[in-house]
Amino acid sequence: MRYSELFLPTGREVPSDAELVSHQLMIRAGMMRKLTSGIYSYLPLGYRVIRKVEQIVREEMNRAGAQEVFLPMVQPAELWQESGRWIHYGKELLRLRDRHDREYCLGPTHEEVITDLVRNEIKTYRQLPRNLYQIQTKFRDEIRPRFGVMRCREFGMKDAYSFDPDEAGAEVSYRKMFDAYNRIFTRCGLNFRPVEADSGSIGGSYSHEFMVMADSGEDAICFCNACQYAANLEKAELAKPEAELPAGSALLLEEVHTPGVQTIEEVCGYLHVRPEEVVKTLIFAADGEPVAVLIRGDREVNEVKVRNYLGCDALELASDDMIFKVTRSPRGFAGAIGIKARIIADYSLIGASAVVMGANREDYHLSHVNPGRDFKVENYADLCVIRRSDPCPRCGGKISFARGIEVGHVFKLGTKYSKAMKALYLDRNGREQTMVMGCYGIGIGRTVAAAIEQNHDADGIVWPLPLAPYPVIITPVNVNEKPLLETAEKIYLSLVEKGVDVLLDDRDERAGVKFKDADLIGIPFRVTIGPKKLSEGKVEIRYRRSGEVKTLTVSEVEAFLMERISEKCEV
RNA sequence: CGGGGCGUAGCGCAGUCCGGUAGCGCACCUGCUUUGGGAGCAGGAUGUCGCAGGUUCAAAUCCUGCCGCCCCGACCA
């Protein structure tokens with residue numbers, strides 16, 4: 001491609017509305033432009049990178065035995081009513097009506113459509129297993145689109161769905177996808193890590209997220225330094241503590257006057273106790289029903305764990321109204337004794353005794369509370385947010401924390417959709433069985449952005465070779481000097497001949513401008529053709545990542561570059 | 001949806017408090033000089049000042065309503 005003909009508007013200035021480096025650079029490097037909130041147009045350079053990622057994804061999905069399909073983006077409401085998600089999915093689902101007033105939605109994901117397709121066409125175990133995937137534009141009406149392509153409303157996604165006759169088959173399919181994902185992100189040249197994850201509203205029993213490591217990532221993850229355990233923070237388990245016998249403090253329950261003292265901090269200060277000696281009582285509305293969650297004063301409740309424990313759809317902190325209804329006191333004085341709600345407690349309270357707790361009476365707390373003696377807990381469970389001082393739940397080793405960008409997610413769905421939508425088949429014995437499903441997503445645009453977050457410097461993007469829109473740019477420093485341009489053309493044509501995507505910077509610009517642009521758009525190899533070296537029959541090759549420069553004769557260039565590019569070596 | 005901020009040339013911004021013919025830098029066009037890390041000089045073009053009402057002799061500026069965008073929070077395969 002000749003740069004002079006390329007639609008590539010680069011910019012020197014950092015766009016004021018872009019916060020993340022990847023967002024800034026994608027705009028500055030002329031990869032994309034915003035149309036409206038959370039919706040972007042991709043320009044030639046950006047689209048090229050997207051296609052590189054897509055191609056890697058395709059190759060590895062095909063290799064793993066999946067088959068590419070293409071499903072509708074506009075989907076009828078009936079399908080979503082059948083799965084239950086028409087109600088359950090909420091406002092992220094963009095709904096619309098056609099001229100006949102029939103209801104539709106824009107697909108945020110395609111479980112319903114694929115399940116419908118498969119149930120109509122697959123009738124026997126002989127046709128299983130199957131894994132179908134597509135690369136499609138999805139639409140999710142995000143409350144707050146931000147971070148450029150990282151969290152937008154319209155976005156490109158690869159989604160795959162596996163159908164197996166039984167749980168064991170589904171396990172195999174899941175494993176294949178897990179391995180394929182490892183290959184995909186490795187081939188993209190990314191530093192990533194699969195972590196155990198919560199399966200969220202998509203449902204299902206088991207899932208992993210693929211996280212690209214980046215401080216700017218939206219997700220917090222933790223991992224063990226000793227073993228392989230790694231998990232999203234919202235999923236990370238805490239080991240159940242050894243059940244100590246309650247010290248069984250003989251001290252009697254005592255009501256103490258604590259005017260205006262509400263937070264754990266205030267309670268500790270006022271009563272001269274440590275947070276570990278206080279019980280925090282949080283009241284949640286779980287699908288509208290009050291539930292009291294007890295946890296040690298120094299710990300935080302993990303709402304995802306609470307939601308999963310209760311098996312509820314909606315979970316939020318209770319309103320003042322509800323708090324008053326169950327405790328007959330205002331917010332800040334809730335406790336377990338006499339509360340009109342289910343009571344569950346975190347493992348951190350196992351063995352607790354003689355603790356401080358709200359009295360369910362305004363301006364009063366109770367001290368010397370003994371769980372078991374003074375109130376009953378429905379159950380103890382792991383409801384806590386993990387923290388640095390906690391041991392690895394698997395091996396007891398030391399854990400570390402990091403941030404990551406979720407670029408892929410694999411789920412074992414089980415029969416959630418196949419049951420609801422009757423995706424059935426006849427087994428060997430002629431018996432009707434429910435298919436077992438899995439679903440597997442990769443955010444294409446997000447992968448591109450994550451690659452930039454991980455690969456950039458002060459001058460711009462530094463593409464990993466496999467994702468580079470062009471692996472090579474040829475830069476004659478002055479196109480008005482015939483020999484420079486002619487040599488550039490010669491090298492350009494020889495590489496084009498070999499099938500290399502080369503960019504020839506044939507613009508009548510000063511060398512500095514060309515260098516800055518080449519760095520900004522992150523091309524891995526730059527062939528610089530200048531008068532001094534050329535008079536000796538030589539040109540320079542510069543590595544974008546290291547800045548290292550090699551001087552070669554013109555005749556050596558082609559072979560040198562072909563070798564680097566085909567090796568896919570890191571530069 | 002709650003809190004905060006912004007909307008003026010393609011981009012980044014000043015001007016708004018205190019009403020009086022709309023400015024700066026970059027980019028763009030022309031010419032000359034320059035030519036290995038975003039050139040210099042000279043000249044030039046570019047605006048429904050987010051939209052709609054209102055006040056006023058006069059509105060980018062004051063008032064009302066609306067729209068859009070960004071940040072924080074809540075929310076989120």
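Chain naming here is simple, since letters A, B, ... match the order of the sequence lines and numbering starts at 1 in each. The figures here come from the full heavy-atom set of this structure, side chains too, leaving out hydrogens, waters and symmetry mates.
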| Run the salt bridge (Lys or Arg N to Asp or Glu O under 4.0 Å) check on Glu300(A) and Lys280(A) step by step: do they pass? | CA-CA 9 Å; Glu300(A) 297 299 321; Lys280(A) 207 184 313 192; 3.5 Å; yes

Tell me: [atom1] of [X] to [atom2] of [N], nearest whole Å?
X         : N       : atom1 : atom2 : answer
Arg151(A) : rC71(B) : CZ    : P     : 12 Å
Asp505(A) : rG36(B) : CG    : C1'   : 13 Å
Lys533(A) : rG36(B) : NZ    : P     : 14 Å
Glu316(A) : rC1(B)  : CD    : P     : 17 Å
His23(A)  : rC11(B) : NE2   : P     : 14 Å
Glu13(A)  : rC11(B) : CD    : C1'   : 6 Å
Phe139(A) : rC76(B) : CZ    : C1'   : 14 Å
Tyr40(A)  : rC69(B) : OH    : P     : 10 Å

Looking at [N], I'd like to know if its phosphate oxygens (OP1 or OP2) sit under 4.0 Å from a side-chain N or O belonging to [X].
X         : N       : value
Ser37(A)  : rC70(B) : yes
Thr528(A) : rG36(B) : no
Thr36(A)  : rG68(B) : no
Ser16(A)  : rC6(B)  : no

Sugar-phosphate only, base, or nothing, as touched by [X] at under 4.0 Å among non-hydrogen atoms:
X         : result
Pro9(A)   : nothing
Phe155(A) : base
Gly530(A) : base

[X] side-chain proximity, nearest of [options]:
X         : options                   : result
Glu19(A)  : rC72(B), rC13(B), rC75(B) : rC72(B)
Ile143(A) : rC1(B), rG36(B), rC76(B)  : rC1(B)
Arg146(A) : rC71(B), rG68(B), rC13(B) : rC71(B)

Suppose you measure atom [atom1] in [N] against the same atom in [M]; what distance do you get, rounded to whole Å?
N       : M       : atom1 : answer
rG68(B) : rC32(B) : P     : 50 Å
rU34(B) : rG38(B) : C1'   : 15 Å
rA60(B) : rU48(B) : C1'   : 12 Å
rG25(B) : rA45(B) : P     : 15 Å
rG65(B) : rA22(B) : P     : 28 Å
rA42(B) : rC24(B) : P     : 14 Å
rU8(B)  : rG50(B) : C1'   : 10 Å
rU64(B) : rU56(B) : C1'   : 16 Å

Return the nucleotide paired to [N]: Watson-Crick means purine N1 to pyrimidine N3 with N6-O4 or O6-N4, wobble means G-U with N1-O2 and O6-N3, both under 3.5 Å.
N       : answer
rC24(B) : rG12(B)
rC32(B) : rG40(B)
rC66(B) : rG50(B)
rC1(B)  : rG73(B)

Under-4.0 Å salt bridge between [X] and [Y]:
X         : Y         : value
Lys550(A) : Glu556(A) : no
Arg544(A) : Asp459(A) : no
Glu540(A) : Lys533(A) : yes

| Nearest-0.5 Å distance that lies between atom CD in Gln67(A) and atom CD in Gln134(A) |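 It comes to 14.0 Å.
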
| Which parts of nucleotides 37-47 of chain B does protein reach within less than 4.0 Å, heavy atoms only, written one letter per nucleotide 5' to 3' as B for base, S for sugar-phosphate only and - for none? | BBB--------

Would you say the ring centroid of [X] lies under 6.0 angstrom from that of [Y]?
X         : Y         : result
Tyr417(A) : Phe163(A) : no
Phe223(A) : Tyr229(A) : no
His409(A) : Phe411(A) : yes

| Comparing Arg153(A) and Glu209(A) on RNA chain B - which has the more 5′ nearest nucleotide |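 Nearest nucleotide further toward 5': that of Arg153(A).
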
| query | Is there a side-chain contact between Thr10(A) and Ile521(A), using heavy atoms and a 4.5 Å cut-off? | reply |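 Of all side-chain heavy-atom pairs linking Ile521(A) with Thr10(A), at least one is under 4.5 Å.
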
| query | Regarding Asn480(A) and Asp508(A), is there a side-chain donor-to-acceptor distance under 3.5 Å anywhere? | reply |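 Their side chains do contain a donor-acceptor pair, which is all the 3.5 Å distance test asks for.
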
